[in-house]
Protein chains: 2
Amino acid sequence: MQNALDSTDAVPPARRSGRAVSRQVLADHVYTELLTSLMDGRLAPGSVVSIDGTARDLDVSPTPVREALARLEHTGMVRRVALKGYRVAPVFTQEDFAELMEARLAIEPVNARLACERMDQGGLAELKQAVEDLKSAPRGPAFAEFKEYLEADERFHQLIARQTGNQFMEAAYSALGGQIQRFRLFGGVGITDAESAIAEHQAVLDAFSTGDPGKAEAAMAAHIQQVRSRAIAAAPES
Amino acid sequence: MQNALDSTDAVPPARRSGRAVSRQVLADHVYTELLTSLMDGRLAPGSVVSIDGTARDLDVSPTPVREALARLEHTGMVRRVALKGYRVAPVFTQEDFAELMEARLAIEPVNARLACERMDQGGLAELKQAVEDLKSAPRGPAFAEFKEYLEADERFHQLIARQTGNQFMEAAYSALGGQIQRFRLFGGVGITDAESAIAEHQAVLDAFSTGDPGKAEAAMAAHIQQVRSRAIAAAPES
DNA sequence: GCCGAGGCAGCCCTATAGGATTTACACATG
DNA sequence: CATGTGTAAATCCTATAGGGCTGCCTCGGC
């Protein structure tokens, strides 16, 4: 059931008549379309992603869809079974969550330290903006009401990864980032912890402002550990 | 120039007559074929990987090749320019090397600690075997003579990543592993440091044998730092 | 001898067709 | 009523065709 993809009037001008205005290939468009659908929650975990089906929904041929799904598989967002097709990765178990947090604890504090060492004024301003967006974002119960909140949260961590100036650390975080976002959506706990989370992000930002890499590393580690504690405390079932 | 792919009598039986014996799809076969070609050095950095060309060489249609390359792109082994095609990622610069080592120092010692905590007897035996293979592998000047050496080296680190029991840490290392292997091949320094490297691997193994996670972590960190030092010392040009 | 235009081959990209396989459902039988 | 079987639809997988673009080579003109 992923018919919600806006297939009816997104790209139709041109393309039929030979040349699309977009300089990017169709597979890229399909990729981002599928990615946002995954992040939005329109594609629930465990549901199948039919190649022909999405091709029809997006009004393209199966070939670009196949290429986009091949890339998505490598991110862990979808799983493929040979001759059976693709399906969205299953829901997070408690073990998965524990492993994810362990990995975040290994990577993100290091990112914070490196980023703090090399951060420039522009980067700091972007980080500050992300925290401001986090504070001002609406936090209602419906998805549309906390979408911006999640987006700002993700952007904050992603900015730090980018500011490391290390392409491999950034890639390592990106591989996790999608899973983190997926957990934020389907982890069970909503955003009941906004107050604490905002305070922790502010603390990380303050640590960056001091320019002390050690403080930044410690603040990030504390943040992640507290996220873990809260999620475990609010665990819906065993 | 990747005609060295053994296209002439690798898969030809069956397939033309409907059903291949291999239960895996053609794209998987193309993927592993390209991967080994990249690791072997048959595909030099910077060279183009034509979709139609490899399709002809492997005697398949371009569609599976396209799917395999899409996956490969996400590993950083090949780069894609829209409407221009794929080419093998360029050679390592000194900056790339520094970043790679920084990332390894962030990830692999943690892997060693986690693996040491959870390692069982079977895992330890596999690790021991890898070190033995490293010692007994031939170390001649030609590629075929130190292929096994590189393979054992890579296997050692990969085993530790797997023994963490953490799918995300394993994925994070895998993303790096390919680049590490690529560097071993094209980094400029051959395997002139085999004596020291073997001793360090043995030290890591000994640390694992004691069962002390802290020692394992320290031994791994020391190993990577020394690899970095040796590579910098033997840097061919600025 | 030098330079620019035209043609040609190769490539990427997407669409479409067809074979093979799995799955679901209806139906008959013990 | 339960179970096995056969058919049909859906799906995946691969191959082939054609459009559009880029780069190179050749050839004619200056």
Side-chain angles (χ1 to χ4, degrees), chain A residues 1-3 5 7 10-34 43 46-73 78-88, chain B residues 1-3 5 7 10-34 43 46-73 78-88:
Chain A
M1 295 304 185
Q2 75 280 21
N3 58 1
L5 304 182
S7 64
V11 228
R15 185 145 64 68
R16 283 289 180 214
S17 58
R19 198 71 203 89
V21 192
S22 69
R23 194 55 187 165
Q24 69 179 355
V25 250
L26 225 48
D28 295 341
H29 190 78
V30 175
Y31 180 83
T32 57
E33 200 70 30
L34 281 174
L43 265 54
S47 63
V48 303
V49 183
S50 157
I51 294 179
D52 291 355
T54 47
R56 280 193 301 273
D57 288 345
L58 270 62
D59 193 31
V60 296
S61 86
T63 311
V65 177
R66 180 173 294 277
E67 189 172 333
L69 281 172
R71 288 186 231 169
L72 272 175
E73 185 201 2
V78 299
R79 292 210 190 311
R80 183 177 74 103
V81 189
L83 304 175
K84 298 273 290 188
Y86 292 87
R87 49 178 53 237
V88 183
Chain B
M1 299 303 184
Q2 76 279 22
N3 57 2
L5 304 183
S7 63
V11 228
R15 186 144 65 66
R16 283 287 182 216
S17 59
R19 199 69 204 87
V21 192
S22 69
R23 194 56 187 163
Q24 68 181 353
V25 238
L26 225 48
D28 295 340
H29 191 77
V30 175
Y31 180 82
T32 57
E33 201 70 30
L34 281 173
L43 264 55
S47 63
V48 302
V49 182
S50 159
I51 295 180
D52 291 356
T54 45
R56 279 194 302 274
D57 288 345
L58 270 61
D59 192 32
V60 295
S61 87
T63 312
V65 177
R66 179 173 296 276
E67 190 173 331
L69 281 172
R71 288 186 232 170
L72 230 47
E73 185 201 3
V78 299
R79 292 211 191 308
R80 182 177 76 102
V81 188
L83 304 175
K84 298 276 289 186
Y86 292 88
R87 45 178 56 237
V88 183

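Each chain gets a letter, A, B and so on, in the order the sequences are listed, and its residues count up from 1. Heavy-atom basis, side chains included; hydrogens, waters and symmetry copies ignored.
- The nucleotide whose nearest atom lies closest to any side-chain atom of A/Asp52 is, among C/dA15, D/dA15, D/dT11, D/dT11.
- Here the OH-CG distance, from A/Tyr31 to A/Leu72, works out to 5.0 Å after rounding to the nearest 0.5 Å.
- The side chain of A/Arg56 lies closest to D/dT11, out of D/dT14, D/dC13, D/dT11.
- Spacing between atom CG of A/Leu69 and atom P of D/dT11 amounts to 14 Å, rounded to whole angstrom units.
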Problem set entry | side-chain contact (heavy atoms from CB on, under 4.5 Å) between A/Leu58 and A/Val65, intermediate numbers included | CA-CA 9 Å; A/Leu58 270 62; A/Val65 177; 5.6 Å; no
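- Phosphate contact (OP1/OP2 of D/dC21, side-chain N/O of B/Lys84, threshold under 4.0 Å): absent.
- Regarding A/Asp57, its CG atom lies at a distance of 11 Å from the P atom of D/dT11, rounded to whole Å.
- Between A/Ser50 and the phosphate of D/dA10, there is no side-chain N or O to OP1/OP2 separation shorter than 4.0 Å.
- Side-chain N or O atoms of B/Arg80 include none that pairs as donor or acceptor with a backbone N or O of B/Tyr86 at under 3.5 Å.
- In this structure, the separation between CG on B/Asp52 and CZ on B/Arg66 is 8.5 Å, given to the nearest 0.5 Å.
- Rounding to whole angstrom units, CD1 of residue B/Ile51 and C1' of D/dT14 are separated by 16 Å.
- Nearer the 5' end of DNA chain D, as judged by each residue's closest nucleotide, is the contact made by A/Gly85, out of A/Thr63 and A/Gly85.
- Nearest to the side-chain atoms of A/Leu83 among the listed nucleotides C/dC13, D/dT14, D/dC13 stands D/dC13.
- Residue B/Leu26 has its side chain nearest to D/dT14 when only C/dC13, D/dT14, C/dT14 are considered.
- Look at A/Arg66 and you'll find a side-chain N or O under 4.0 angstrom from OP1 or OP2 of D/dC13.
- Taking side-chain N and O atoms only, B/Ser61 has no distance below 4.0 Å to OP1 or OP2 of D/dT14.
- Protein atom CD of A/Glu67 is 15 Å distant from nucleotide atom P of D/dT14, rounded to whole Å.
- Side-chain nitrogen and oxygen atoms of B/Arg87 include none within less than 4.0 Å of the OP1 or OP2 phosphate oxygen of C/dC11.
- Between A/Arg71 and B/Ala70 the shortest heavy-atom distance is CG-O, 3.6 Å.
- For the pair B/Arg80 CZ and C/dC11 P, the interatomic distance rounds to 18 Å; values are reported in whole Å.
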